[in-house]
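Below is one structure, written out as structure tokens; comments come after it.
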Amino acid sequence: MKKESRKIQSARHIEQHENIFACPICQKDMRVTGLKSIRCEKGHTFDFAKQGYVNFLNQPIHTKYGKDFFEVRKILLSESGFYTPLQHALSEIVADITLGKEEEISILDTGCGEGTYLHHITNHLRRSCAKKVVGVGVDISKEGIIAAARNYDQHIWTVADLANMPFHDKQFTMILSIFSPSNYEEFLRLLKQDGVVIKVVPEKNYLKELRTYSTFAHRNI
């Protein structure tokens with residue numbers, strides 16, 4: 001049997017959770033149509049990309065972080081060991097907080113980049129708590145989300161504005177903001193009544209290793 005494309009896998013995954021989505025233009029309910037796009041009641045339509053994500057921006061936004069940055073960031077986070085202690089600590093904190101909560105845990109990672117933190121945390125939660133976990137990543141960088149969708153296909157990946165995220169109110173058990181900008185008004189809107197925000201604040205030069213690693217990698221390509 002032919003393996004389904006990432007686009008179709010993403011569409012099927014989002015279809016199972018389409019109730020969390022609200023149109024970023026009119027805030028109406030959204031539905032997956034023909035496994036090709038997600039569309040609201042007023043006809044605003046957003047297509048699934050072949051890499052396995054949805055872009056909810058009305059126009060492209062160029063950031064200072066490109067494809068190479070996120071490729072090197074994944075290597076740094078997944079293979080170098082620099083941030084392994086942080087990933088483990090965050091996973092344990094999330095497991096402790098969600099202990100005793102409802103069977104399905106929904107986690108939104110805002111400014112998720114290439115998705116390594118969300119992937120590590122949700123996998124740990126599934127193993128340690130045997131719960132159903134829905135992981136949703138959102139970032140304004142298209143390149144970051146493409147990298148996330150390419151590497152981790154069991155999550156929902158979206159390109160969107162952190163000040164206008166495409167989700168209904170009170171949908172998430174937990175919101176992660178790891179080394180990324182925060183919009184607390186949006187966080188309050190999206191969190192369930194007993195929801196929790198986990199914020200990791202960077203110190204000066206926290207990207208120093210990444211920039212050094214990136215420069216070294218490119219010199220050796």
Under 3.5 Å donor-acceptor, [X] side chain and [Y] backbone:
X      : Y      : answer
Thr173 : Ile105 : no
Ser91  : Gln87  : yes
Thr158 : Val54  : no
Gln51  : Arg6   : no
Lys192 : Met174 : no

Establish, from distance only, whether the side-chain atoms of [X] and [Y] form a donor-acceptor pair under 3.5 Å.
X      : Y      : result
Glu143 : Ser141 : no
Thr45  : Ser37  : no
His168 : Asp29  : yes

Is the count of non-hydrogen atoms from other residues, nucleotides or ligands lying under 6.0 Å from Glu185 atom CD greater than 12?
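For Glu185, atom CD is not crowded (no more than 12 foreign heavy atoms under 6.0 Å).
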Side chain to side chain, [X] and [Y], heavy atoms closer than 4.5 Å:
X      : Y      : value
Cys112 : Ile145 : yes
Arg189 : Asp169 : yes
Asn164 : Phe56  : no
His13  : Trp157 : no
Phe48  : Leu35  : no
Leu57  : Ile140 : yes
Cys26  : His44  : yes

Are [X] and [Y] connected, step by step, through hydrophobic side chains (Ile, Leu, Val, Met, Phe, Trp, Tyr) whose heavy atoms are closer than 4.5 Å?
X      : Y      : result
Leu176 : Leu162 : no
Leu188 : Met165 : no
Val138 : Val196 : no
Leu108 : Val200 : no
Val197 : Val94  : no

Which residue in the set Thr122, Asn123, Thr116 passes side-chain hydrogen bond (donor to acceptor under 3.5 Å, both in side chains) when paired with Tyr152?
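Single pass found, and it is Thr116.
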Hey, mind stepping through Lys199 and Ser182 against side chain to side chain contact (heavy atoms under 4.5 Å, CB included) and telling me if it holds?
CA-CA 8 Å; Lys199 173 73 176 175; Ser182 298; 2.7 Å; yes
For residues [X] and [Y], report the shortest heavy-atom separation together with the two atoms involved.
X      : Y      : value
Gly113 : Ala148 : O-CB, 3.8 Å
Ile107 : Phe172 : C-CD2, 4.1 Å
Lys36  : Lys7   : O-CE, 4.3 Å
Pro166 : Ala160 : CD-CB, 3.6 Å
Gly137 : Leu118 : N-CD2, 3.7 Å
Gln27  : Ala22  : O-CB, 4.0 Å

[X] side, atom [atom1]; [Y] side, atom [atom2] - distance, nearest 0.5 Å:
X      : Y      : atom1 : atom2 : value
Asp47  : Thr33  : CG    : OG1   : 8.0 Å
Lys28  : Met30  : NZ    : CE    : 13.0 Å
Ile178 : Leu90  : CD1   : CG    : 5.0 Å
Ile156 : Gln16  : CD1   : CD    : 8.5 Å
Leu191 : Glu186 : CG    : CD    : 10.5 Å
Glu92  : Ile97  : CD    : CD1   : 11.5 Å

Apply side chain to side chain contact (heavy atoms under 4.5 Å, CB included) to Lys170 and list each qualifying residue two or more places apart in sequence or on a separate chain.
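With sequence neighbours excluded, Lys170 shows a side chain to side chain contact (heavy atoms under 4.5 Å, CB included) to no residue whatsoever.
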Carboxylate-amine/guanidinium proximity below 4.0 Å for Arg12 and Glu15:
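Result for this pair is no, no salt bridge flagged.
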Hey, mind stepping through Phe21 and Phe167 against ring-ring contact (aromatic ring centres under 6.0 Å, His included) and telling me if it holds?
CA-CA 4 Å; Phe21 285 89; Phe167 310 110; 5.3 Å; yes
Run the ring-centre check on His120 versus His124 and record whether the distance is less than 6.0 Å.
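Aromatic pair excluded; centres sit 6.0 Å or further apart.
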